Protein chains: 2
Amino acid sequence: MSLTPEMDASIDDQAARAAWLYYVGGLTQDQIASEMGLSRQRAQRLVSRAVAAGLIHVRLNHHLARCVELEAALRARFGLVRCRVMPGLGPARDPVRSIAPAAAEEMERVLAESGSRVIALGTGRALRGMVDALSPVEAPQHRLVSLLGNIALDGSASYFEVIMRLAEKVRAPHYPMPVPVLVDTVEENRTLQSLTAVRKVRGLAQAADVTFVGVGQMSEDAPLLTDGFLTPDELHEIQRVGAAGEVAGWIYDRQGRYLDLALNARLTGVRVEIATPERPVIGIAAGEAKIMALRAALTSGIINGLVTDEPTAAGILAG
Amino acid sequence: MSLTPEMDASIDDQAARAAWLYYVGGLTQDQIASEMGLSRQRAQRLVSRAVAAGLIHVRLNHHLARCVELEAALRARFGLVRCRVMPGLGPARDPVRSIAPAAAEEMERVLAESGSRVIALGTGRALRGMVDALSPVEAPQHRLVSLLGNIALDGSASYFEVIMRLAEKVRAPHYPMPVPVLVDTVEENRTLQSLTAVRKVRGLAQAADVTFVGVGQMSEDAPLLTDGFLTPDELHEIQRVGAAGEVAGWIYDRQGRYLDLALNARLTGVRVEIATPERPVIGIAAGEAKIMALRAALTSGIINGLVTDEPTAAGILAG
DNA sequence: GGTGCGCGTGAGTATTTGCCCATACGGCGA
DNA sequence: TCGCCGTATGGGCAAATACTCACGCGCACC
């Protein structure tokens, strides 16, 4: 993916400088080109490179009245300790884009604490977006721990791993869950759970001071299905017994009560229990499809913090 | 300046939403127009309004190698507790633009502390830029105090007042210095200093946990001259006795030793004494003209923290 | 009630930007 | 050594954006 680090650094430096001149200095790409002694096209490419590489962060410093209202309503109805509602980006546009900056701010808020905290993390696209939107901060006083593994059934590790990226950005000690998300048999699971390494990570995760999780829907586009953890038949069976959503792979019904499924015995991750104000669990999720799953998790208190977007917030409250 | 608050809010809301769709969502202004049901021009105006009003903040998440080097060199040479060097924006462009975001970050760093702090502030364009670039944060645990008044000799209050704006953004209790910067006679000054209100503010400022100041040059374009605190003759006389710069109106020589001037007896503000690591004084300043003033202030330790830009940093180190 | 002023609006236009393509450069294998 | 391929570069062009101008509306003052 990259050339020599030296080369990369120099090009990123150039990109950063061009983007700085463009966004902070307000120069045109023409002016940047002559300032830095390159062609306009190159200047343009550097700026877009900087944006693509996430070197540039844009933040909105204004609380939209509508979003503030929705936040207040959600806080009141579900007794949330944290709640952020960001403007929607219109249909057919990835809501992760909208909520990632706000989620990153929530994370930064935790990271800014000077005392040492244990921060537990789920997986998923929304959390990945959060980490990408995060500014690098040195916060080595905290410990990061995974609620679940990042190895899929087929052994691939692509399942939107979050903890390693985050640890890299904040330079904090981190404890990934060194196991597959799901194993084939109850016995395998028991063996894994007995490993000291696994037991220590589980213990840390269960004692987390704050937890960030995604929330999965159980409709036909369920992440558990698209990521290959369930077959369509299994999904339909679980839907039939009333599945409404899942957090870290653990499936619950419309009241947010965890279901007693055969699947559970093969899940290796930590189940998030009812959140308390002292040990909040922040849900990071948005999208039409997730409304029911979110309402359920909020109802029972699996999550007591929420970062979502405007249409999703409205949908949750409409129910 | 503004219409009804209601009207303002609604228009800012629109602007913020348009800017969100533009910068975060990546829509074109055409798409924003149809999404929000307005004309393309209106969408464009809303976006530029949001930028002008400071609703949109852009930050660069990359440490340019050259800037990092300069920071390290400045830290080492002057024993600084904080140091930020931002890329220059080229000549003939306001360096405040470049350093304001970094200065705002330094301020946010202090504001994020959970313990209660006393934050003292000077005045000037650079500090004003810092406050404008600051994200609104609730930090009512801190107290903000002014080092000097904001009333000029002619009674006008325009001298880049900082503390009120800052207090508005962070909702912290604030203590402006309720006097002119400079008075006509020593007796007037004595009278003012004896007022309880003034004594309390002075006491608070002198005990500040952290201080943010601009740094003024004493060349022909001295802020003290352009703001009408000195006549050209006075300036030349002070230059003759070796003035190199000024902090909060107090003038020092090339070694950063405060000068014993007749003017001093008419200055009402608090003189910033040698900074300590426990009670840092952060200088916010950049520009060719300020190099000598900065080097002097750094040499004697009037300031032990610095936010500046690349050419200024290089100039300071070159001496 | 008229008149002037200021603000916001939309149309038109100049500038800027993003994208595509032809081309040049450099590494690598035949 | 030659030729191929992948990558980066600059020119050109269409789209997008910013600016200017003239108009219209509302408000206040006369």
Side-chain angles (χ1 to χ4, degrees), chain A residues 1-60 62 64-65 87 89-90 92-94 97, chain B residues 1-60 62 65 87 89-90 92-94 97-98:
Chain A
M1 173 188 166
S2 62
L3 310 169
T4 70
E6 195 181 4
M7 189 60 191
D8 255 11
S10 140
I11 236 177
D12 268 5
D13 259 31
Q14 277 198 301
R17 189 173 293 271
W20 178 263
L21 293 170
Y22 189 69
Y23 287 105
V24 179
L27 313 213
T28 70
Q29 297 180 351
D30 265 354
Q31 293 172 302
I32 295 168
S34 57
E35 183 88 28
M36 295 178 64
L38 13 101
S39 73
R40 315 163 215 289
Q41 290 78 359
R42 183 142 174 76
Q44 197 275 332
R45 281 191 179 101
L46 286 172
V47 172
S48 74
R49 184 195 190 92
V51 174
L55 266 40
I56 285 291
H57 284 194
V58 179
R59 262 179 202 180
L60 180 64
H62 182 82
L64 287 159
L89 293 178
R93 221 160 266 275
D94 186 359
R97 223 170 152 157
Chain B
M1 173 188 167
S2 63
L3 308 171
T4 70
E6 195 182 5
M7 189 59 191
D8 254 13
S10 139
I11 239 179
D12 268 7
D13 260 31
Q14 276 197 302
R17 189 174 294 272
W20 180 264
L21 292 170
Y22 188 68
Y23 286 105
V24 180
L27 313 214
T28 71
Q29 296 180 351
D30 259 341
Q31 293 172 300
I32 295 168
S34 57
E35 183 88 27
M36 295 177 64
L38 349 124
S39 74
R40 197 172 58 74
Q41 287 86 347
R42 184 144 175 73
Q44 196 275 330
R45 281 193 178 98
L46 286 171
V47 173
S48 74
R49 184 196 189 91
V51 174
L55 268 41
I56 285 289
H57 284 193
V58 178
R59 260 177 206 181
L60 179 65
H62 182 81
L89 293 178
R93 220 160 267 276
D94 187 359
R97 218 167 158 160
S98 182

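Just so it is clear: chains get the letters A, B, ... in the order the sequence lines come, proteins before strands, and each one is counted from 1. In what follows, every heavy atom counts, from backbone to side chain, and hydrogens, waters and symmetry copies are set aside. It should be emphasised that the depicted structure is a prediction, and the values quoted were computed from it without experimental measurement.
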Using side-chain contact (heavy atoms from CB on, under 4.5 Å), reason through B/Arg93 and A/Gln31 one step at a time and then give a plain yes or no.
CA-CA 12 Å; B/Arg93 220 160 267 276; A/Gln31 293 172 302; 3.3 Å; yes
How many whole angstroms separate atom [atom1] of [X] from atom [atom2] of [N]?
| X | N | atom1 | atom2 | answer |
| --- | --- | --- | --- | --- |
| A/Gln31 | C/dT15 | CD | C1' | 12 Å |
| A/Gln14 | D/dT9 | CD | C1' | 13 Å |
| A/Leu46 | C/dC19 | CG | P | 15 Å |

Whether B/Asp13 side chain and A/Ala65 backbone form a donor-acceptor pair below 3.5 Å
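Between the backbone of A/Ala65 and the side chain of B/Asp13 there is a qualifying donor-acceptor contact (under 3.5 Å).
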Between B/Trp20 (side chain) and A/Leu60 (backbone), is there a donor-acceptor pair under 3.5 Å?
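Answer holds: no.
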With sugar-phosphate taken as primed atoms, P, OP1 and OP2 and all else as base, the protein-contact string of nucleotides 11-22 of chain D at under 4.0 Å (heavy atoms; B, S, -) is BB----BB-B--
Could you work out, with side-chain hydrogen bond (donor to acceptor under 3.5 Å, both in side chains) as the rule, every residue matching A/Arg40, not counting sequence neighbours?
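If we apply the side-chain hydrogen bond (donor to acceptor under 3.5 Å, both in side chains) test to A/Arg40, skipping adjacent residues, the hits are A/Asp30.
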Tell me every residue that passes salt bridge (Lys or Arg N to Asp or Glu O under 4.0 Å) with B/Arg97, counting only those two or more places apart in sequence or in another chain.
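Scan of B/Arg97 (salt bridge (Lys or Arg N to Asp or Glu O under 4.0 Å), adjacent residues dropped) gives none.
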